[in-house]
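Have a look at the structure below before the remarks.
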Amino acid sequence: MDLSVCCWALESLSPAEMFKLIADESVQYVDVRLQDVASPEQRAALNNSDLKISSVSLAFALWGKPLLSGDAPEATRKIAEQGLIETAQLGASIAYVIPDEDGSEQALARFANELNHLATFAQNQGVLLCLEHFPKRALSSIESTVGFLREVNHPNLKLLLDSGHAQISNESAPDALRDLGELVGFLHVNDNDGKEDLHLGLLDGVMERSSLAATLEAAAAAAYSGPVSLELSWELDNPSSAVRRGAQLLQELGAS
């Protein structure tokens with residue numbers, strides 16, 4: 001499994017420092033926001049690091065915009081489509097979104113329609129679209145998100161499984177990986193206190209080494225072939241140290 005790092009944990013660093021720190025840990029891939037690679041300086045720093053982009057979070061590009069589940073999502077659709085075009089241009093194979101906050105039947109129906117459209121658009125760009133289960137939003141659990149994905153039933157729309165979010169919804173990430181098989185398109189690993197989405201350093205919250213190991217073992221047993229992406233908060237006291245420690249731990253447990 002390819003190890004990737006969500007680079008926004010290091011947003012306080014210059015682009016050159018950010019990408020060098022990740023590359024120095026023998027990591028080959030980064031998970032980016034479009035804003036992380038928008039300028040010539042950022043692109044040059046990425047190219048000089050020899051890192052490759054595994055995935056793009058469209059959630060940041062859509063944050064605060066008209067909702068995909070709203071009555072008139074056309075403006076948001078255009079932003080998402082442009083993001084998918086840029087994802088392909090960056091050479092990334094995965095893009096992902098998060099649910100809206102409105103969990104009403106009508107909103108979820110509109111959200112399903114938009115995701116069906118965007119999944120086809122992404123497929124035409126050679127990009128896999130993933131949906132992340134997200135605390136305090138309409139699809140806050142693995143179970144509810146999987147049910148939604150099965151209703152949409154698009155071959156290019158998969159689950160982004162987040163180990164930290166699973167801790168909050170009291171679900172088993174290893175069980176989900178074993179049970180869902182090819183429906184899992186992407187894997188995020190992070191830690192928290194079991195209540196809030198803190199994106200702590202690995203093993204700094206309720207996560208134990210054994211539970212993290214079980215997650216990676218289940219991914220391997222399920223023949224999961226996507227990236228394993230380390231996602232930490234930029235608000236940590238020492239995010240650089242947390243990234244180094246997390247990358248080393250994941251490599252010890254089988255990610256490379």
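Fair warning: this is a prediction, and the values are worked out from it, not measured in the lab. Sequential numbering from 1 along the given sequence is applied to the chain's residues.
Looking at residues two or more places apart in sequence or on another chain, you find a side-chain hydrogen bond (donor to acceptor under 3.5 Å, both in side chains) between Arg209 and Glu252. Residues meeting the ring-ring contact (aromatic ring centres under 6.0 Å, His included) test with Tyr224, sequence neighbours left out: none. Residues that satisfy the side-chain hydrogen bond (donor to acceptor under 3.5 Å, both in side chains) test with Ser141, not counting sequence neighbours, are Ser144. Taking the side-chain contact (heavy atoms from CB on, under 4.5 Å) definition, one finds that Asp179 meets it with Asp175, sequence neighbours left out. Not counting sequence neighbours, the partners of Glu25 by the side-chain contact (heavy atoms from CB on, under 4.5 Å) test are Val27, Arg244, Ala247, Gln248. Every residue was checked against the side-chain contact (heavy atoms from CB on, under 4.5 Å) condition with Ala222, not counting sequence neighbours, and none meets it.
Closest approach of Ala218 to Leu177, counting heavy atoms only: CB-CB, 4.1 Å. Here the closest non-hydrogen pair linking Cys7 and Met18 is CB-SD, 3.6 Å. Heavy-atom minimum distance, Val189 versus Leu250: CG2-CD1, 3.7 Å. A pairwise comparison of heavy atoms in Ile94 and Pro227 identifies CD1-CD, 3.6 Å as the closest pair. Closest of all the heavy-atom pairs between Val56 and Ile53 is CG2-CG2, 4.2 Å. Residues Leu84 and Ala95 share a closest heavy-atom pair of CD2-CB, 3.7 Å.
At a cut-off of 3.5 Å, with distance as the only test, no side-chain donor of Gln167 or Asp193 sits close to an acceptor on the other residue. Side-chain contact, Ser169 with Glu171: a donor N or O sits under 3.5 Å from an acceptor N or O. Between Ser39 and Gln42, the side chains place a donor N or O and an acceptor N or O closer than 3.5 Å (distance only, hydrogens not considered). Side-chain atoms of Ser229 and Asp31 include a donor-acceptor pair closer than 3.5 Å.
Applying the salt bridge (charged side-chain N to carboxylate O under 4.0 Å, His left out) test to residues at least two apart or on different chains, none of the pairs has a partner in residues 141-151. Listed by first and then second residue, the side-chain hydrogen bond (donor to acceptor under 3.5 Å, both in side chains) pairs that reach into residues 43-54 are Ser4-Ser54, sequence neighbours excluded. Note on residues 9-18: pairs passing side-chain hydrogen bond (donor to acceptor under 3.5 Å, both in side chains), not counting sequence neighbours, are Glu11-Arg33, Ser14-Glu17. Screening residues 72-94 for salt bridge (charged side-chain N to carboxylate O under 4.0 Å, His left out) gives Arg77-Glu114 as the qualifying pairs, with residues at least two apart or on separate chains.
Classified by interplanar angle (parallel below 30°, tilted 30° to 60°, perpendicular above 60°), the ring pair Phe111/Phe148 is parallel.
To the nearest 0.5 angstrom, Gln106 atom CD is 9.5 Å from Asp71 atom CG. The line from CG of Leu230 to NE2 of His188 is 9.5 Å long, rounded to the nearest 0.5 Å. For the atom pair CG of Asp36 and CG of Leu46, the computed distance is 10.0 Å after rounding to the nearest 0.5 Å. Put simply, CG on Leu236 and CG on Asp204 are 8.0 Å apart, with the number rounded to the nearest 0.5 Å. Rounding to the nearest 0.5 Å places CG of Leu202 at 7.0 Å from CZ of Arg245.
Under the 4.5 angstrom side-chain criterion for Ile, Leu, Val, Met, Phe, Trp and Tyr, the cluster partners of Trp63 are Ile98, Phe134.
Under a hydrophobic clustering in which Ile, Leu, Val, Met, Phe, Trp and Tyr are joined whenever their side-chain heavy atoms come within less than 4.5 Å, directly or via other members, Val5 and Leu51 fall into the same cluster. In this structure, Tyr29 is not a member of the same hydrophobic cluster as Leu58, with clusters built from ILVMFWY side-chain heavy atoms closer than 4.5 Å. Transitive grouping of hydrophobic side chains (ILVMFWY, heavy atoms separated by less than 4.5 Å) keeps Leu67 and Leu62 in distinct clusters. If you chain together hydrophobic residues whose side chains sit under 4.5 Å apart, Phe60 and Val32 fall into the same group. Placement of Val146 and Ile168 in two distinct hydrophobic clusters is found when ILVMFWY residues are connected by side-chain heavy-atom separations under 4.5 Å, directly or transitively.
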| message | Please determine whether salt bridge (Lys or Arg N to Asp or Glu O under 4.0 Å) holds for the pair Arg178 and Glu217, giving the CA-CA distance in whole Å, both sets of side-chain angles, and the decisive distance to 0.1 Å. | response | CA-CA 10 Å; Arg178 283 187 288 265; Glu217 288 168 4; over 6 Å; no
| query | Run the side-chain contact (heavy atoms from CB on, under 4.5 Å) check on Leu115 and Leu149 step by step: do they pass? | reply | CA-CA 10 Å; Leu115 287 185; Leu149 289 172; 5.6 Å; no
| task | Could you please spell out the steps behind the side-chain contact (heavy atoms from CB on, under 4.5 Å) verdict for Leu212 and Leu249? | result | CA-CA 9 Å; Leu212 178 58; Leu249 177 57; 3.7 Å; yes
| query | Would Gln123 and His154 satisfy side-chain contact (heavy atoms from CB on, under 4.5 Å), going step by step from the backbone distance to the final call? | reply | CA-CA 10 Å; Gln123 190 169 30; His154 194 291; 3.7 Å; yes
| Taking it one step at a time, do Glu196 and Lys136 satisfy side-chain contact (heavy atoms from CB on, under 4.5 Å)? | CA-CA 10 Å; Glu196 298 295 331; Lys136 300 180 181 179; 3.0 Å; yes
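The number of heavy-atom neighbours closer than 6.0 Å to CD of Glu182, taken from other residues, nucleotides and ligands shown, is 12 or below. When the shell of 6.0 Å around CG of Asn170 is examined, it contains 12 or fewer heavy atoms from other residues, nucleotides or ligands. Within 6.0 Å of the CD atom in Gln35, the count of heavy atoms belonging to other residues, nucleotides or ligands exceeds 12.
In this structure, Asn192 contributes its side chain and His199 its backbone to no donor-acceptor pair below 3.5 Å. Asp191 places a side-chain N or O within donor-acceptor distance of the main-chain N or O of Leu203, the cut-off being under 3.5 Å. Listed for the Ser211 side chain is no donor-acceptor partner under 3.5 Å among the backbone atoms of Met207. When atom types are taken as modelled, the side chain of Asp102 and the backbone of Ala107 share no donor-acceptor pair closer than 3.5 angstrom.
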Atom pairs and distances, side-chain donor-acceptor, residues 159-166, under 3.5 Å, sequence neighbours left out:
residue	atom	partner	partner atom	Å
Asp162	OD1	Gly164	N	2.9
Asp162	OD1	His165	N	2.9
Asp162	OD1	Asn190	ND2	3.0
Asp162	OD2	Asn190	ND2	3.1
Ser163	OG	Asn190	N	3.1
Ser163	OG	Asn190	O	3.3
His165	ND1	His133	O	2.7
His165	NE2	Asp197	OD1	3.2
His165	NE2	Asp197	OD2	3.0

